[in-house]
Amino acid sequence: MSLPQPVRGTHDLLPEDFRRHAHVRDTARDIAARFGYAEMATPIFEFTEVFARTMGETSDVVSKEMYSFETRGGESMTLRPEYTAGICRSFISNGLQQNVPFKVFANGPMFRYERPQKGRQRQFHQIDLECIGAPEAKADVEVIAVAASILQTLGVMDSCTLQINTLGDVESRQAYRAALVEYFSAHEADLSEDSKSRLTRNPLRILDSKDKGDQALVENAPVFTDYLNEFSTEFFAEVLEGLDLLGITYELNRRLVRGLDYYTHTAFEYVTTELGAQGAVIAGGRYDGLIETLGGKPTPGIGWAGGIERLALLAENVPAIDRPVAVIPVGDAAIQMATKLAHQLRLDGISVEMAFKGNVGKRMKRANKLSARAAILIGEDELARNACTFRDLDAGTQEEVKLSDLTATLANLK
RNA sequence: GCGGAUGUAGCUCAGUUGGUUAGAGCGCUAGACUGUGACUCUGGAGGUCGCGGGUUCGAUCCCCGUCAUUCGCCCCA
């Protein structure tokens, strides 16, 4: 079978897949709009620097997962691995400092050069929500509330839990980081290979290690709460209070650490156990230093991204396809009349199926396969009387209906 | 990037301890039923057994490589 194959880690979205996909996207868009988040889009690629600077040179995404290429002019470009950096760049490029809070929703394809697995692809799609320019804990709460509403509406909340943690402000985080490096450096020989490299790359990650030896060391490691300054502690408390107020349940996870450099304060993930190792379905956090890193004025921000493919795998109540009405000519003499009727009904907003060929039996079978709600048969008999035979395909009953009454009959159907 | 599993019709899978024409169900298609679907019955099409190489008189089956999928690690949505 040497048929052409899609590139590794990429997938076609055939109509049925696309329907699930679109349902996730449309649901998210509608709910985001209710909370005041308008949709926008940024280009699918940016100068490499935009991602390298914001996500951190040592992050996995930047160090080994970017799809980068050089233009003819010799500039390095990168297919976006996430949405946040691009939206923040756009916020700066368009001088939107005066528009805060800048609340936006976005969606589209992302690219990461990773080993594919279920729920993990090289080209995948994300929905994304950002609230830029709001330092208040209320923004954190709102952003999480949008995520919760989307999961609820998609019917996946039962299999998801919200894990939440704080990484503190820059001061707290660096103090803790230093303490961790000091502690683990003293035990470096006992660390797993992975964690040895984490020690320089992202020491907080060691807390998250699945290695048994590492976990034993983590037991006695410094605790983050001891290093959080007063402001950070109060800020996080306010976020949790806000979630309580809205009845949004969460699990405090002191080991939750995110891989990207730009996160501060609130970090959260909605995780599921139903997708193997790919647990996160919506994840995000606060990134108060990001805009400054990109060369903008210091501006706080918070947001999240959700994996559309992952959500589509879990979504339960995907609406069924629209059921059409089939128009079926009986005999060649009726084809023209049927064609005009089908056209008119479509102009009237009705979804109509009319096959290009076939006798009545074939056409009925086709109508059935497309789960048509009703069939409208027109033959010479009916033509003479300006009528049609209207067959209800669910009930299996039929009657003659005058063409002038057809619209009313169709309206009764639903 | 590292380790394990898998790869036979459009789909889900049998099968061959290496030996003449590789099977089933579903689906597709034609007909029984040239003005009526979902049920039933009878035919038909569709596979160089992922791809390449090796061993062999002979490979879909054994060996090596490769590509893809999948599970775990890393990491993440």
Side-chain angles (χ1 to χ4, degrees), chain A residues 1-11 14 24 28 55 58-65 81-84 107-129 147 192-195 197-198 201-202 205 208-211 257-260 269-272 275-284 304-314 326 328-334 353 355 358-383 388-398:
Chain A
M1 232 199 303
S2 53
L3 301 174
Q5 298 293 318
V7 171
R8 181 177 210 195
T10 67
H11 291 280
L14 296 179
V24 170
M55 302 173 86
T58 59
S59 70
D60 272 52
V61 173
V62 171
S63 61
K64 61 179 200 190
E65 295 175 2
E82 59 133 33
Y83 228 131
T84 306
N107 80 278
M110 303 294 155
F111 306 84
R112 290 185 198 174
Y113 195 87
E114 291 187 281
R115 183 94 173 237
Q117 280 182 37
K118 178 154 71 171
R120 170 185 295 178
Q121 303 167 196
R122 289 184 171 179
Q123 176 177 342
F124 61 104
H125 298 78
Q126 286 188 337
I127 47 176
D128 185 277
L129 193 86
S192 66
E193 285 309 310
D194 281 333
S195 286
S197 76
R198 287 181 180 118
R201 242 177 44 238
N202 190 347
R205 268 275 166 221
D208 218 9
S209 176
K210 283 169 190 161
D211 182 90
V257 177
R258 317 241 43 232
L260 309 181
E269 280 180 12
Y270 267 101
V271 297
T272 175
L275 291 178
Q278 284 65 247
V281 291
I282 289 183
W304 53 249
I308 296 182
E309 282 82 359
R310 291 183 185 178
L311 289 166
L313 284 169
L314 301 174
I328 299 179
V330 180
D332 290 352
E353 151 68 19
N359 57 30
V360 178
K362 289 271 177 291
R363 289 170 187 267
M364 285 296 288
K365 276 185 185 155
R366 182 175 163 79
N368 192 57
K369 196 158 48 183
L370 296 171
S371 73
R373 180 72 185 79
I376 295 170
L377 294 107
I378 308 181
E380 283 183 74
D381 296 358
E382 289 90 344
L383 269 182
C388 65
T389 296
F390 187 92
R391 182 170 178 86
D392 183 324
L393 292 175
D394 285 350
T397 56
Q398 65 184 40

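Chain letters run A, B, ... following the sequence lines, proteins first, then strands; residues in each count from 1.
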task = Quick one, give me the B/S/- string for nucleotides 32-41 of chain B, reading 5' to 3', where B means a protein heavy atom under 4.0 Å from the base and S means that only happens at the primed atoms, P, OP1 or OP2.
result = ---BBBB---
Short side-chain N/O contact to B:C75 OP1/OP2 from A:Arg198, under 4.0 Å =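 So the side-chain polar atoms of A:Arg198 do come within 4.0 Å of the phosphate oxygens OP1 or OP2 of B:C75, strictly under.
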request  = May I ask you to verify if any side-chain N or O of A:Lys64 is less than 4.0 angstrom from the OP1 or OP2 atom of B:C2?
outcome  =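 Answer no for this pair, as no side-chain N or O of A:Lys64 is under 4.0 Å from OP1 or OP2.
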Give the rounded distance in Å between these two atoms: [atom1] of [X] and [atom2] of [N].
X: A:Arg8; N: B:G50; atom1: CZ; atom2: C1'; result: 14 Å
X: A:Lys118; N: B:C73; atom1: NZ; atom2: P; result: 14 Å
X: A:Arg112; N: B:C74; atom1: CZ; atom2: C1'; result: 14 Å
X: A:Glu65; N: B:C73; atom1: CD; atom2: P; result: 15 Å
X: A:Arg122; N: B:U69; atom1: CZ; atom2: C1'; result: 13 Å
X: A:Gln117; N: B:U6; atom1: CD; atom2: C1'; result: 15 Å

request  = Report the base-pairing partner of B:A9 (Watson-Crick or G-U wobble, both distances below 3.5 angstrom), or none.
outcome  =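 Pairing partner: none.
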ask   = Using purine N1 to pyrimidine N3 plus N6-O4 or O6-N4 for Watson-Crick, or N1-O2 and O6-N3 for G-U wobble, each under 3.5 Å, what pairs with B:G19?
value =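 WC or wobble partner is B:C57.
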query = Is the backbone of A:Gln123 close enough, under 3.5 Å, to the side chain of A:Gln121 for a donor and an acceptor to pair up by distance?
reply =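 Pair found, side chain donor or acceptor close to backbone of A:Gln123.
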query = Pairs in or reaching into residues 359-371 of chain A: which pass salt bridge (Lys or Arg N to Asp or Glu O under 4.0 Å), with residues at least two apart or in two chains?
reply =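 Every salt bridge (Lys or Arg N to Asp or Glu O under 4.0 Å) pair that includes a residue of residues 359-371 of chain A, provided the two are not neighbours, is A:Glu353-A:Arg366.
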message = Counting the atoms with a prime plus P, OP1 and OP2 as sugar-phosphate, which does A:Ala305 contact under 4.0 Å by heavy atoms, base, sugar-phosphate, or nothing?
response =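 Sugar-phosphate contact only - A:Ala305 comes under 4.0 Å of backbone atoms but never of a base.
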message = Counting C-beta onward and ignoring hydrogens, is there a side-chain heavy-atom pair between A:Val330 and A:Glu382 closer than 4.5 Å?
response =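 Heavy-atom side-chain distance check fails, nothing below 4.5 Å.
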inquiry  = Could you tell me if the side chain of A:Leu313 sits less than 4.5 Å from the side chain of A:Leu275, heavy atoms only?
reply    =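 A side-chain contact exists here, since the closest heavy-atom pair is under 4.5 Å.
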Donor-acceptor pair under 3.5 Å, A:Arg120 side chain vs B:C75 base =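 Yes, a donor-acceptor pair under 3.5 Å.
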A:Asp392: salt bridge (Lys or Arg N to Asp or Glu O under 4.0 Å) partners, not counting sequence neighbours =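 Only A:Arg373 meet the salt bridge (Lys or Arg N to Asp or Glu O under 4.0 Å) criterion with A:Asp392.
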key: Name of the residue among A:Arg8, A:Arg122, A:Lys64 meeting side chain to side chain contact (heavy atoms under 4.5 Å, CB included) with A:Tyr113   =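 Among the candidates, only A:Arg122 passes.
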